[in-house]
> 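Pasting in a structure now, in structure tokens, and then I'll have a few things to ask.
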Amino acid sequence: MKTNICPLCNGHKIASTTTFTVDLGSSLIVVRNTPATVCSLCGESWISDSVSENLEQVVAEAKAKQRVIEVVDFQLESVA
Ligand SMILES: [Zn+2]
């Protein structure tokens, strides 16, 4: 069992989802429902490597739409 203690405030980290925002300067991409580990006390969030890789694809697709603000939902299409 791993201890899920927040290194910032010693609160408990729980599996949850977060809204991930990427500011590209010319456009802002908001990815909702991104799986993450979130501290229940201070709200700091951590994203796993696999989620991070998926996030890069989601952001790349959103970026291609060239909108000022693009809000998308994170979706795990396939779990490797
Ligand atoms: Zn915390």
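Keep in mind that the numbers below use all heavy atoms, side chains included, and drop hydrogens, waters and symmetry copies. Just so you know, ligand 1 is whichever comes first in the structure, and atom 1 is the first atom listed for that ligand.
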> Tell me the closest heavy-atom pair linking Ser40 and Ile14, and the distance in Å.
CB-CD1, 4.3 Å
> Going by the rule side-chain hydrogen bond (donor to acceptor under 3.5 Å, both in side chains), which residues pair with Ser48 if we only count those two or more places apart in sequence or in a different chain?
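Only Ser50 meet the side-chain hydrogen bond (donor to acceptor under 3.5 Å, both in side chains) criterion with Ser48.
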> Same cluster for Trp46 and Val59 if Ile/Leu/Val/Met/Phe/Trp/Tyr side chains link at under 4.5 Å?
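Trp46 and Val59: separate clusters.
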> Side-chain polar contacts of residues 25-38 - donor-acceptor pairs under 3.5 angstrom, sequence neighbours left out - could you list them?
unit_1	atom_1	unit_2	atom_2	d
Asn33	ND2	Asp73	OD1	3.3
Asn33	ND2	Asp73	OD2	3.2
Thr34	OG1	Val31	O	3.2

> Work out how many protein N, O or S atoms lie closer to the Zn ion (ligand 1) than 2.8 Å.
4
> Above 12 or not: heavy atoms from other molecules or residues under 6.0 Å from CG of Asp49?
no
> Any side-chain heavy-atom pair from Cys6 and Cys42 closer than 4.5 angstrom?
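When only atoms from C-beta onward are counted, Cys42 and Cys6 do touch, with a gap below 4.5 Å.
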